[in-house]
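The block underneath contains the structure these notes are about, expressed in structure tokens.
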Amino acid sequence: MRTLKFLLQKEFKQIFRNKALLPLIFVVPIVQLLILPLAADYEVKNINISIVDHDHSTFSRNLISKITSSGYFRLADYSNSFQSAFNQIESDKSDLILEIPQGFEKNLVRENEQKLFIAVNAINGVKAGLGGAYLNQIITAYNADIRLQWFQSDKFNTAPVITVASSNWFNPFMNYRFFMVPGILVVLVTMVGAYMCALNIVKEKEAGTIEQINVTPIKKYQFILGKLIPFWIIGMFVFSVGLFVVARLVYGIVPVGSLLLLYGYLSIYLIALLGLGLLISTFAETQQQAMSVAFFFIMIFMLMSGLFTSLDGMPQWAYIIAKCSPVTYFIEVVRMVVLKGSGFSDIKNHFVIMIGFAVLLNGLAIWNYKKTS
Amino acid sequence: MTNETVIKTDKLTKRFGDFIATNEITFEVYAGEIFGFLGANGAGKTTAMKMLCGLSTPSSGNATIAGFDIYKQTEEIKKNIGYMSQKFSLYEDLTVLENIQFFGGIYGLTDKQLKAKSNQLIETLGMQNEAKKLVASLPLGWKQKLAFSVAILHEPKIVFLDEPTGGVDPIVRRQFWDLIYSAADRGITIFVTTHYMDEAEYCNRVSMMVDGVIKALDTPDNLKKQFSASSMDDVFFELARGAKRKAD
């Protein structure tokens, strides 16, 4: 116990003295949590549209004003020729072309039918897909409006229509931030925890101080606890600041579920994560190596954790990889507890799996950490 | 000096693949003596020392340190030895005082002992003004003296010094040897490697290691007689000339 006290004292002194590390622990995550959710927003706005109007009629003007007033589109170009609109796409000034053919109004009124042409710049897949879909919706709505206004007759001839009304549970306004912020917070805690822990131990290897420690009667478990406890506390702290200061005050996210449950899970998650950091440090000889290996894992964790994309859309083998990452489970748990208010029985399996990760990673690390060579 | 043996090795060997870094070395070190462990760069001194400290497991052979077995009782050995590596290895981002208290603390000194020890140590080293400064800001010579003092803080039976005076000026070297003598006077056995042959003369007994084997072991005077050399320098050249291994 006394040995551990001395180890912890030393560790905290070193952490608080490290002028390069402190902002990385306490400032950077907060700034990231303020900025990243803005980028991780799936709502696409400001889609640049080029409209080729061959008709110049009241109807075509109405349609254009409907599109531009929707708030999603920005009129990049209004012209008479498809070629000039296409030039806009080629020079990346425009994402979509809507071509309104000559006789648009006439055909719509007389023939009761008219085709429009939409060309989409699919370089940015998300923007193109959503932009096309938005535009389709606007045109459909416009079509329905016209029919209501101009052709009220035909009461008996209306085609049967199934209207689907969906309601979004747990996040009624489909606010992406509610969904992203807790997930991003998890990734930030993961980065701080895994990097700091791995780098800290490897730094002692580089400086040679670990050799000095290895000739003392310090036990393996004491040394490892002395390294884990400080970063466990820092992880708790970063998560709390993110949850109570940034998420609550800036994004207005108040956890629906039990905080005790959330912190219970966080504490096990941190043990698992620090175990990973520890494991990396037992393999790496230099901070550069540790950094590269940690970066590799964080990258996979981040992109495969279901943070940005749904896990269900992955091929089976990729899904299995995603399920081998502790981050995946913690993101699920955070979203379930914070947004949905899930209780212990809902995340029981998650607890079991995370305890498994903690035991496995730490076990491997302790087994691989040698006081002798 | 008594004839109690504190280090006893028997055909101690360390192999790294095909390379035999230390080849069946057998020697004894007696309590309270200053034992010089000499050899050219790459002769296997550091490897041998790491095995004796429990940092490295031998490939074969036996050894006892302070009466404890080098394989089975490593933790017991660690309580009874001090070690100062080639590389300076105190914490640069802790102060002088904090380093003393940290290492004292993990060797199990009580608060009272810690306080007394650190005061006494700082006074002996004349570091009253530097006690609260970060170790990183000290000149190398002071760091080495501090590292030695920290290594014997817990009054070990044996202290291992791996080229403790590398890179320091002659005055500091002299002061360093004063510290070594005073530790030896208190009964601490000194096991030291060095490349300075004048330092070899300060040792009670000296061993010469060439290509992983001990080629000679005796008092400096006897060695000089044996090789009919006028100084330890000549003894070293005589022995190291036959070395096959290139330095480093």
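Model, not experiment: these values are computed from the prediction. Chain letters run A, B, ... following the sequence lines, proteins first, then strands; residues in each count from 1. Below, each value reflects all heavy atoms present in this structure, side chains not excepted, and no hydrogens, waters or symmetry copies.
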Please indicate whether [X] has more than 12 foreign heavy atoms, meaning atoms of other residues, nucleotides or ligands, lying under 6.0 Å from its [atom1].
{"X": "A:Lys13", "atom1": "NZ", "value": "yes"}
{"X": "A:Phe295", "atom1": "CZ", "value": "no"}
{"X": "A:Leu249", "atom1": "CG", "value": "yes"}
{"X": "A:Lys5", "atom1": "NZ", "value": "yes"}
{"X": "A:Phe296", "atom1": "CZ", "value": "no"}

- Message: Can you see whether B:Tyr91 engages A:Gln212 through a side-chain donor-acceptor pair at a distance of less than 3.5 angstrom?
- Response: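 Looking only at side-chain atoms, A:Gln212 and B:Tyr91 do not form any donor-acceptor pair under 3.5 Å.
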- At what distance, to the nearest 0.5 angstrom, does CD1 of B:Ile106 lie from OG1 of A:Thr3?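 Those atoms lie 7.5 Å apart.
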- Query: If you measure from OG1 on A:Thr216 to NZ on B:Lys79, what distance do you get to the nearest 0.5 Å?
  - Reply: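 A:Thr216 atom OG1 to B:Lys79 atom NZ measures 11.0 Å (nearest 0.5 Å).
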[X], part contacting chain A, at a heavy-atom distance under 4.5 Å:
{"X": "B:Phe88", "value": "backbone"}
{"X": "B:Asn80", "value": "neither"}
{"X": "B:Leu134", "value": "side chain"}
{"X": "B:Thr47", "value": "neither"}

Indicate the atoms forming the closest heavy-atom contact of [X] with [Y], along with that distance.
{"X": "A:Lys203", "Y": "B:Asp93", "value": "NZ-OD2, 3.9 Å"}
{"X": "B:Leu114", "Y": "A:Arg2", "value": "CD1-NH2, 4.2 Å"}
{"X": "A:Gly208", "Y": "B:Ser89", "value": "O-CB, 3.4 Å"}
{"X": "B:Tyr107", "Y": "A:Val215", "value": "OH-O, 3.7 Å"}
{"X": "A:Gln14", "Y": "B:Leu94", "value": "CG-CD2, 3.9 Å"}

- Query: Taking only heavy atoms into account, what residues of residues 23-31 of chain A are found under 4.5 Å from chain B?
  - Reply: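 Expected list: none.
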- Go through the atoms of A:Gln222 and report whether side chain, backbone, both or neither lie under 4.5 Å from a heavy atom of chain B.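 Looking at A:Gln222, nothing touches chain B.
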- Message: Report which part of A:Ile210 has an atom under 4.5 Å of a heavy atom belonging to chain B: side chain, backbone, both, or neither.
- Response: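 Answer is neither: A:Ile210 stays 4.5 Å or more from chain B.
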- Message: Quick check on the interface: out of B:Gly105, B:Gly104, B:Cys53, who has the most heavy-atom pairs with chain A under 4.5 Å?
- Response: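 Heavy-atom pairs under 4.5 Å are most numerous for B:Gly105.
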- Is any side-chain heavy atom of B:Phe102 closer than 4.5 Å to a side-chain heavy atom of A:Leu7?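 Side chain of B:Phe102 against side chain of A:Leu7, heavy atoms only: contact under 4.5 Å found.
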- Item | Intermediate values then yes/no, salt bridge (charged side-chain N to carboxylate O under 4.0 Å, His left out), B:Lys87 and A:Glu211 | CA-CA 10 Å; B:Lys87 213 166 155 188; A:Glu211 208 174 69; over 6 Å; no
- Item | Stepwise salt bridge (charged side-chain N to carboxylate O under 4.0 Å, His left out) check, B:Glu98 with A:Lys10 | CA-CA 8 Å; B:Glu98 284 164 351; A:Lys10 162 205 154 249; over 6 Å; no
